[in-house]
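Heads up, the thing below is written out as structure tokens.
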Amino acid sequence: MNCTIVWFRRDLRVYDHAPLYRAALRGAVIPVFILDRALLFHPETAVARVAFMLECLRSLDQDLRDRGGRLILRHGDPVEILPQLIRATQADGIYAYVDFERIYGRVRDARLNDALARARMKIRWFEPPGTTPDLIPYPRYRDRWFADMMADQVPAPQRVQVPESVLSDPIPTLQELGLVADGKPIPPGGTAPARQTLQEFLSEKSDRYYWQLSYPGAEATSGLSPYIKFGVISIRECFQTTQATLEDAQDKRVQRSRQQFIARLRWGSGFAQRFRYLPQLEVRSLYQVFDEDGWEFDEDLYNAWRRGETGFPMIDAAARCLQATGGWKQLNFRSRAIYASFLSNLLGMDWRWGALHFMRHLIDGDCPIDHYQWAMQAGVTHCVDKTWTRIYSPEQCAVDRCDPEGLFIKQWVPEVAHLTPADLGLPPRLKDYPPPILTYKAARQRRVKQLERQRQTFLNQDNILPHLAPLPASLMPFGAEQFKSEVGWAQATHLPLFPAALALEQLDLEEAIALRSWFVAHVEIRPHRISKRKQSARTKEDPEKYGIQLSLL
């Protein structure tokens with residue numbers, strides 16, 4: 001009988017899963033997940049995210065058992081384990097989705113390809129919906145994404161036959177993995193909770209999602225981001241479920257919110273596709289000038305930002321919410337944007353320090369989304385044709401725009417709970433709350449001048465290739481020296497990647513223009529301007545303090 005290994009990674013589901021479905025059609029299946037220490041002890045690993053992943057693995061195992069199968073779990077290096085598993089089971093080969101979230105994963109998969117080729121073993125890589133191996137202009141990618149999303153979902157196999165002779169390690173606890181739980185509440189894992197969350201969002205939040213997404217106290221987010229991160233529900237299923245409700249929605253508010261949700265699904269895929277082209281975005285700014293100029297770093301100020309002791313209640317509330325909850329529900333896109341902008345634009349620190357901190361806490365942490373958003377907030381990417389600077393005010397503007405009743409701030413910064421909302425931007429001196437660690441206007445002016453000078457090197461250039469940061473010789477993850485990490489894989493230089501990175505020096509002019517299209521705004525985006533409605537005197541400030549933030553769910 002034919003036998004195929006299906007290697008699960010960030011696709012922990014049985015529905016709309018082409019490798020599993022195709023393998024089940026062939027015959028016996030060995031569905032395997034490998035607990036890899038290089039990922040479990042990556043500098044950017046969040047313990048809570050691992051805890052959620054373990055819950056998703058338990059759910060996947062049950063979904064397979066419902067079809068007569070089971071999940072096979074292994075610990076170790078996939079490059080060693082998978083060839084051994086082929087030999088031990090006489091499997092015909094491996095089916096797996098291509099994955100390009102992290103540089104490590106691409107090094108691992110390139111090593112696996114080489115090991116299998118030398119052993120004359122086979123692997124078939126499946127392209128995930130919404131991605132492409134080809135370098136195409138962004139408008140063409142957008143059309144490709146919609147075509148993929150509208151294609152039929154792959155049905156779940158009715159039966160998954162796993163050979164009884166193949167044994168599995170038990171799904172471990174955090175403690176057994178050598179990790180210590182940090183007390184964050186973990187959402188239920190698996191496809192069923194993901195589908196329930198989607199339905200609750202569509203029925204209960206989509207009349208206000210578009211309008212209240214900026215308000216953390218409203219909790220208007222979909223709550224789907226952790227599930228999408230680990231692929232327990234496919235983006236295509238989310239798209240089609242939402243799309244099917246649009247025709248029935250009579251309320252224009254509902255229609256607009258659901259359309260916005262679909263747009264955010266597409267933006268997330270687009271961030272991943274940029275990382276497919278340029279994996280260096282994990283460890284470098286897009287343009288060389290920003291990292292070559294260097295960044296400031298003050299450990300005391302960085303720790304104040306991390307702990308939520310900056311003296312700006314909106315910033316401190318975001319800091320404390322992130323560390324207590326993992327941010328997946330209440331810490332929405334606007335709160336993350338303001339918090340991020342404070343570190344890079346006002347404190348002048350390298351955005352990678354912020355991305356590192358976020359990824360060590362986010363339950364929904366996804367490297368391309370997190371890192372690209374951080375670089376955008378720092379003003380160091382997606383700005384070939386951008387002449388204005390987006391820097392958020394952390395003062396009363398942030399309160400009025402994101403938390404006008406002060407509910408979010410007072411929940412997480414009880415030291416200011418007795419103040420009125422109008423006093424939460426810059427509180428009076430308090431005995432138990434620190435004064436502001438910076439002067440906003442001066443910090444902002446300094447950053448604006450710096451960005452304007454740096455951008456002159458590439459602004460409005462037709463060919464941006466000479467200005468892009470190349471893939472570094474050392475692929476060591478950022479933060480490896482600060483945290484216990486398994487980074488032996490990165491000790492070598494000039495490691496091959498699969499999928500391969502774009503060879504920037506080999507692109508012709510047409511390809512350069514196609515790549516450029518991924519880093520310009522395809523709609524006219526202007527700085528947000530304050531409406532003329534009544535507002536407190538403190539909100540009547542420079543409109544350039546506001547910006548537009550593209551984020552997820």
Side-chain angles (χ1 to χ4, degrees), residues 9-10 39 42-50 52-53 99-106 184 213 216 221-231 235 264-286 290 302 305-306 318-319 321-323 325-345 349-382 390 392 477-480 482-483 485 518-519 549-553:
R9 286 104 71 79
R10 299 206 312 142
L39 290 174
H42 190 281
E44 292 186 351
T45 294
V47 174
R49 196 160 63 246
V50 175
F52 177 70
M53 180 190 74
D99 182 25
F100 40 88
E101 181 195 14
R102 284 207 172 276
I103 289 175
Y104 165 70
R106 294 163 80 146
K184 292 182 176 65
L213 191 55
T221 58
S222 71
L224 280 166
S225 51
Y227 299 101
I228 291 175
K229 151 69 182 178
F230 285 105
I235 296 175
R264 291 174 185 277
L265 292 173
R266 176 170 55 83
W267 291 338
S269 296
F271 293 146
Q273 185 66 32
R274 289 176 176 89
F275 268 58
R276 179 166 192 162
Y277 294 148
L278 302 173
Q280 55 264 46
L281 294 177
E282 180 180 340
V283 292
R284 292 286 185 271
S285 300
L286 175 63
F290 295 114
Y302 178 62
W305 174 84
R306 287 194 306 125
C321 178
L322 171 65
Q323 296 208 50
T325 71
W328 67 281
K329 201 168 188 178
Q330 196 178 30
L331 191 67
N332 62 13
F333 78 94
R334 189 73 65 189
S335 305
R336 297 185 191 195
I338 294 172
Y339 185 36
S341 180
F342 189 93
L343 182 74
S344 290
N345 291 320
M349 294 191 200
D350 192 334
W351 63 269
R352 290 170 290 190
W353 285 109
L356 173 67
H357 179 64
F358 266 40
M359 289 296 289
R360 287 186 64 82
H361 288 283
L362 289 174
I363 294 177
D364 61 1
D366 183 292
C367 181
I369 293 171
D370 179 71
H371 284 225
Y372 200 83
Q373 294 282 358
W374 261 97
M376 285 180 68
Q377 289 310 322
V380 299
T381 192
H382 208 90
R390 168 180 49 208
Y392 292 92
F478 188 85
Q482 282 70 38
F483 300 101
S485 307
W518 285 84
F519 303 106
Q549 159 70 8
L550 306 182
S551 187
L552 279 192
L553 313 175

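Here the structure is a predicted model, which means the values were calculated and not measured.
Residues Ser485 and Pro43 come closest through the heavy atom pair OG-CG, 3.3 Å. When all heavy atoms of Ala319 and Trp305 are compared, the pair lying nearest together is CB-O, 3.5 Å. Across all non-hydrogen atoms, the minimal contact from Leu343 to Asp350 is CD2-O, 4.3 Å. Scanning both residues, Arg306 and Gln323, for their nearest heavy atoms gives O-NE2, 2.6 Å. Across every non-hydrogen atom of Tyr302 and His357, the tightest pair is OH-CB, 3.8 Å. Asp364 approaches Pro226 most closely through the heavy-atom pair CB-N, 3.6 Å.
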Before you tell me yes or no, could you show the steps for Thr325 and Leu331 under side-chain contact (heavy atoms from CB on, under 4.5 Å), namely the whole-Å CA-CA distance, both residues' side-chain angles and the distance that decides it to 0.1 Å? CA-CA 9 Å; Thr325 71; Leu331 191 67; 5.5 Å; no
Taking it one step at a time, do Arg352 and Arg284 satisfy side-chain contact (heavy atoms from CB on, under 4.5 Å)? CA-CA 8 Å; Arg352 290 170 290 190; Arg284 292 286 185 271; 3.7 Å; yes
Might you work through the side-chain contact (heavy atoms from CB on, under 4.5 Å) test for Trp518 and Leu278, ending with a clear yes or no? CA-CA 11 Å; Trp518 285 84; Leu278 302 173; over 6 Å; no
Using the rule given for side-chain contact (heavy atoms from CB on, under 4.5 Å), can you reason through Gln482 versus Arg360, listing the C-alpha separation, both sets of side-chain angles and the distance that settles it, and then say yes or no? CA-CA 12 Å; Gln482 282 70 38; Arg360 287 186 64 82; over 6 Å; no
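A donor-acceptor pair under 3.5 Å links the side-chain atoms of Arg274 to the main chain of Gly270, judged by distance alone. One N or O on the side chain of Glu282 and one on the backbone of Ile103 form a donor-acceptor pair closer than 3.5 Å. Between the side chain of Arg49 and the main chain of Met359, a donor-acceptor pair closer than 3.5 Å is present.
Phe358 CZ to Leu356 CG: the interatomic distance, rounded to the nearest 0.5 Å, is 11.5 Å. The structure places OG1 of Thr381 at 9.5 Å from CZ of Phe271, a figure rounded to the nearest 0.5 Å. Separation of atoms OH (Tyr392) and CG (Asn345) is listed at 10.0 Å; rounding is to 0.5 Å. Remark: Phe342 CZ to Met349 CE distance equals 9.0 Å, nearest 0.5 Å. Here SG of Cys367 is found 9.5 Å from CG of Leu281. Values are rounded to the nearest 0.5 Å. Annotation: the span from Trp328 atom CH2 to Leu224 atom CG amounts to 9.0 Å, rounded to 0.5 Å.
In this structure, Asp370 has no salt bridge (Lys or Arg N to Asp or Glu O under 4.0 Å) partners at least two apart in sequence or on a different chain. Partners of Ser344 by side-chain contact (heavy atoms from CB on, under 4.5 Å), not counting sequence neighbours, listed by chain and number: Trp351, Trp374, Ala378.
Using a 3.5 Å distance cut-off with no hydrogens or angles, the side chains of His382 and Tyr372 do pair a donor with an acceptor.
Test Arg10, Lys229, Gln373 against Asp366 for side chain to side chain donor-acceptor pair (under 3.5 Å) and you get one pass: Arg10.
Here Glu101 does not pair with Arg9 in a salt bridge; the nearest charged N to carboxylate O distance is not below 4.0 Å.
When ring centroids are compared, Tyr227 and Phe52 come within the 6.0 Å threshold.
Residues Leu322 and Leu362 meet the side-chain proximity criterion, which asks for heavy atoms closer than 4.5 Å.
Atom NZ of Lys329 sits in a sparse spot, with 12 or fewer heavy atoms from other residues, nucleotides or ligands closer than 6.0 Å.
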